[in-house]
Amino acid sequence: MTEVGKARRRKEDARLLTGRTRWTDNLQQPGMLHVAFLRSPMAHARITGVDVSAARELPGVVAVFAGQDVAGEQGSLPCAWPVSDDIVIPEHPPMAVTEVRYTGEIVACVVATDRFKAADALEAIEVDYEPLPPVIDLETALSPDSPKVHETGNQAFSVKITSGDLDAAFRDAPVVIDRTYVQQRLIGAAMEPRAVLVSTDGDTFTMWTSTQIPHVLRVMLAMVTGVPEHQLRVIAPDVGGGFGTKLQVTAEEVLCLLLCRKLGKPVKWAESRTEGNLAVHQGRGQLQHIRLAADSDGRIRGLQVDLLADMGAYLMLVTPGVPMLGATMFNGIYKMDAYEFACKGVFTTKMPTDAYRGAGRPEATFAIERIMDELAAELRLDPIEVRRRNWIKHEEFPYTTIAGLTYDSGNYEAATDKALQLFGYDKLRAEQADRRDRGDPVQLGIGVSTFTEMCGLAPSRMLGEANYGAGGWEHASVRMLPTGKVEVVTGTSPHGQGHVTSWSQIAADALGVPFEDVTVVHGDTAISHKGMDTYGSRSLVVGGVAVLQACEKVREKARKLAAHLLECSPDDLDFADGAFKVKGTDSQTTIQELALAAFAAHNLPEGAEARLDSDATFDPVNYSFPHGTHLTAVEVDTETGHVKIRSYVAVDDVGKVVNPLIVEGQVHGGIAQGIGQALYEEAVYDAEGNLLTATLADYLLPSAADLPDFVTDRTETPATSNPLGAKGVGEAGTIASTPAVVNAIVDALRPHGVRDVPMPCTPERVWRALEGGRA
Amino acid sequence: MIPASFDYVRPGSLAEACQELAADEDAKVIAGGQSLLPLLRLRLAYPTKLVDVARLPELAGVHDRGDHVFIGAMTTHDEVMRSGVVAAGAPLLALATAMVADPAVRHRGTFGGSLAHADPAGDLPAVVLALEGVLVARSAQGEREIPAADFFVDYLESSLRQGEVLVGVKIPKLGDGWGFHYEKFHRTAQAWAIVGVAAAVRRSNGSIQEARIGLTNMGTTPVRARAAETALEGLELGDGLRQACEEAAADTSPPADLHAQPDYRRHLARVLTHRAVRTAAGAP
Ligand SMILES: Cc1cc2nc3c(=O)[nH]c(=O)nc-3n(C[C@H](O)[C@H](O)[C@H](O)COP(=O)(O)OP(=O)(O)OC[C@H]3O[C@@H](n4cnc5c(N)ncnc54)[C@H](O)[C@@H]3O)c2cc1C
């Protein structure tokens, strides 16, 4: 059996599980100092004075700086995605100088000999604030008399995309459904809170940081701080989860680099969970107005999307790009005649938003999958049937959607049929009817979501067209070591995804070496010199392909060497199981022997270099489009509003699978995270702009005890846009599960007059929706 | 988050602990630290000294004392859950303790700490109130006994005086015919109660002779649902129960927070009391 497709246990786990880890906060440097940041308790205020003199006198304190002290050198945090011509990208000082615009914004910092003294000294800093009015609500933020977050006003940008004749689609449409959905703000709660360590030898700076993007970060830090790129090395050591929150150039990273440069000493900062809840960029944050026009048989005529996207106080690395990643996704898997997407980015006095697992696509999928259920209800059709009537049929691929994307492959019928069967759909519908008839206080609801997503970010050309600041290629280099072992260097930067294992499987097959003989190196710009890092379900689809292509180049070099040594033509060689064999003879040589021969270099072909290594940069021609059908049954206690997920079936089509165990893990985690949005999670700000969910006692995350056993299965329709046929699985579960769960809750309660419950669907909200339905 | 600095002592005897506390009015007892450490880390409390009582022998263990069960203050939640003496003499406590937090917290957090902390959202204060436990406190001045009804004074405030250590709690054994249930309503398995109902019900001849109901998180202290208790007295099991439990939220002033507004908490108290009483009474 080939390695690709095997459910290999992860090479990473033994080390991680036994604690032999290199989290940034575990790392020490001689003479290391510790940084603590003072954060604004006000959502919006003018800074009229900062007195750090008392803090400077405290024992162990080495330095204290306020924004004013670094104003000339701290630069502005970057936004790499100016999505429109009218975009306003305000200055974003890493440390606030004259004004704070969200609670948690850094206003001063302490450097001390240990972290306890640093924390104590924060309390000795006095900051005078002159309060300014907070801007919280998205709609009122855009009214002309609203207080302003920035002088230029509260609109960051405005875009509109139209396709087809929307007026015609809505004119005389037998059914028009009009809904408003709120995507609450979410906090990405990675297992490892952020940490940064920077040291210098006088010339060069080395930064260890809990990041998803060491390569992008290095480029950006060089641009922001003026530290020359070649004198800056960024290392992402073990990184414990990211979910988009570590796809960022953070104020803390920039300031730690500046502090190291100013003091000439290593400095470290590590955040607590509470600090992270305040100051890690948040996800989602959209107000969605959705209109759908349909014929009376349920066929969709047109879809109109009008969004307000909450940017928070500043535009960070890809803040404005997040809603745009959904711009071509609200149509989902469905065919229609007309489509319009309009979006305004809105500044508020809250923590900036940015990428969070799925980024833009969960928001879009939620809206379309929720409104499809509303359409079904309106027409008294089964929600699966309405979808069937509208989705792209398998024989219609490749299919260019109304939003302009070309979906290369898929089979929605197959995934849905399989899911229905595993779920026991008909039986559950019968139970639902029975409970309704009996007036059972516990009602059953069934929710579906048939989703697709655009991932495998991304063709560089398309990113250019979308105004993104960089490309979407990925790089890998592969070297045969003299003893026949293999070193793979990847530009992806895993932080829980298991690339070491999956890349080993790809290389093992391509080079015919044992899985155990492959090592994968990543996450250090001095070792992996080129990369675009890990996000957007891109690593396998782009980076894995680069690994494959680099391996193939190595193999072809090895073939030439083998032909030379065996004195035949390269075409006369068959390659199998790591050996080149002269066709029709017993004469052969293994790739390990060739590795040693290349190292010794005693007898190489004319003009050949003494190396058996190669590299490849892969730039995909299209996005990839994983899809799937998720079904869930929930029990809703109509007396208390409590929701219990009884069963959950996920059939995903992620194309060709390299490691089914890792795929299943990604799906499980994704579903849990999506359920988190549906039922539990919300970053809540009060009217003054204080974050009320700074601890995990207030910001509730689901645990295994709250979730059912997930039943997962797959269909496999290979992607046609890359040689692996893979589509990406990092975000699928998160995208699919949120609407499935909310659809199920509404399905349970529809006879009680309920047609929506805002997320998270807390027991209280479910109960109030029921009270409203009774009224 | 890092606490401000403090001194730490671990006295070898209860008497020594009392002296430490008497000598410094800003000293504080630390038991399992599961409630105190979060407060310190958020810098919501600044004790000068922590007096660690977790290993004091006088505060350890569960003892069957005939008419009551004595539970040493430093008995961890996990030990309470697994104690045969508790299971036999105070089963309601075992039921409720199993609903506290998660295994990690239950192995460190203590019974006495939960009561001394006097958090109305904690599960155990309402149980001890319903079971009419008696709390035993010791200071340099000597020992005194405080009935549960007088112990919980306000939000995070007990009637323990500065310098007093909670030694343990006497839980009177209830005789035959009693049934118990703790109904905890929360959003995730590890979360605190939005509302909790501790019910002890004595049944004979198919009707309820006596009911004791303690409510979690329905005010600044745990409270007894006296009106419901009265309404339930003498009732036969059946439809009348729900009616009687409508009184469960009478005279409560539940808090408003992220998880629930007061009207919803009142509603929950009624529904959950009905469920708890039904289960405790063994009704179908
Ligand atoms: C994540 C998490 C979830 C939790 N969930 C729940 C839950 O669902 N339900 C629940 O009921 N509880 C919950 N708790 C709280 C838990 O039960 C704690 O163990 C308990 O509240 C305090 O016990 P402790 O031994 O840790 O006390 P500590 O934290 O050490 O002390 C708490 C307070 O009591 C005082 N104190 C402690 N012991 C004595 C004594 N012998 N004499 C005098 N004063 C004393 C201390 O000075 C302090 O003021 C949770 C805690 C955590 C961390």
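Protein chains get the first letters and strands the later ones, always in sequence-line order, with residue 1 at the start of each. All values below come from the heavy atoms of this structure, side chains included, with hydrogens, waters and symmetry mates left out.
Proximity to chain B involves both the backbone and the side chain of A:L692, based on heavy atoms less than 4.5 angstrom apart. When heavy atoms are compared at a cutoff of 4.5 Å, A:L701 approaches chain B solely by way of its backbone atoms N, CA, C and O.
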Is there any N or O donor on one of chain A and chain B with an acceptor on the other under 3.5 Å, and could you list each such pair with its distance?
{"residue": "A:D120", "atom": "OD1", "partner": "B:R43", "partner atom": "NH1", "Å": "3.2"}
{"residue": "A:D120", "atom": "OD1", "partner": "B:R43", "partner atom": "NH2", "Å": "2.7"}
{"residue": "A:E123", "atom": "OE1", "partner": "B:R43", "partner atom": "NH1", "Å": "3.4"}
{"residue": "A:E123", "atom": "OE1", "partner": "B:Y46", "partner atom": "OH", "Å": "3.4"}
{"residue": "A:E123", "atom": "OE2", "partner": "B:R43", "partner atom": "NH1", "Å": "3.3"}
{"residue": "A:E123", "atom": "OE2", "partner": "B:Y46", "partner atom": "OH", "Å": "2.6"}
{"residue": "A:S272", "atom": "OG", "partner": "B:M1", "partner atom": "N", "Å": "3.0"}
{"residue": "A:D637", "atom": "OD1", "partner": "B:R275", "partner atom": "NH2", "Å": "3.1"}
{"residue": "A:D637", "atom": "OD2", "partner": "B:R275", "partner atom": "NH1", "Å": "2.8"}
{"residue": "A:D637", "atom": "OD2", "partner": "B:R275", "partner atom": "NH2", "Å": "2.9"}
{"residue": "A:E639", "atom": "O", "partner": "B:H267", "partner atom": "NE2", "Å": "2.5"}
{"residue": "A:E639", "atom": "OE1", "partner": "B:R275", "partner atom": "NH2", "Å": "2.7"}
{"residue": "A:E639", "atom": "OE2", "partner": "B:R242", "partner atom": "NH2", "Å": "3.2"}
{"residue": "A:T640", "atom": "O", "partner": "B:Y264", "partner atom": "OH", "Å": "2.6"}
{"residue": "A:L679", "atom": "O", "partner": "B:R187", "partner atom": "NH2", "Å": "3.4"}
{"residue": "A:Y680", "atom": "O", "partner": "B:R187", "partner atom": "NH2", "Å": "2.8"}
{"residue": "A:S703", "atom": "OG", "partner": "B:Q190", "partner atom": "OE1", "Å": "3.4"}
{"residue": "A:D706", "atom": "OD1", "partner": "B:A189", "partner atom": "N", "Å": "2.7"}
{"residue": "A:E764", "atom": "OE1", "partner": "B:Q261", "partner atom": "N", "Å": "3.3"}
{"residue": "A:E764", "atom": "OE2", "partner": "B:Q261", "partner atom": "N", "Å": "3.0"}
{"residue": "A:W767", "atom": "NE1", "partner": "B:H267", "partner atom": "NE2", "Å": "3.1"}
{"residue": "A:R768", "atom": "NH1", "partner": "B:D263", "partner atom": "OD2", "Å": "2.9"}
{"residue": "A:R768", "atom": "NH2", "partner": "B:D263", "partner atom": "OD1", "Å": "2.7"}
{"residue": "A:R768", "atom": "NH2", "partner": "B:D263", "partner atom": "OD2", "Å": "3.4"}

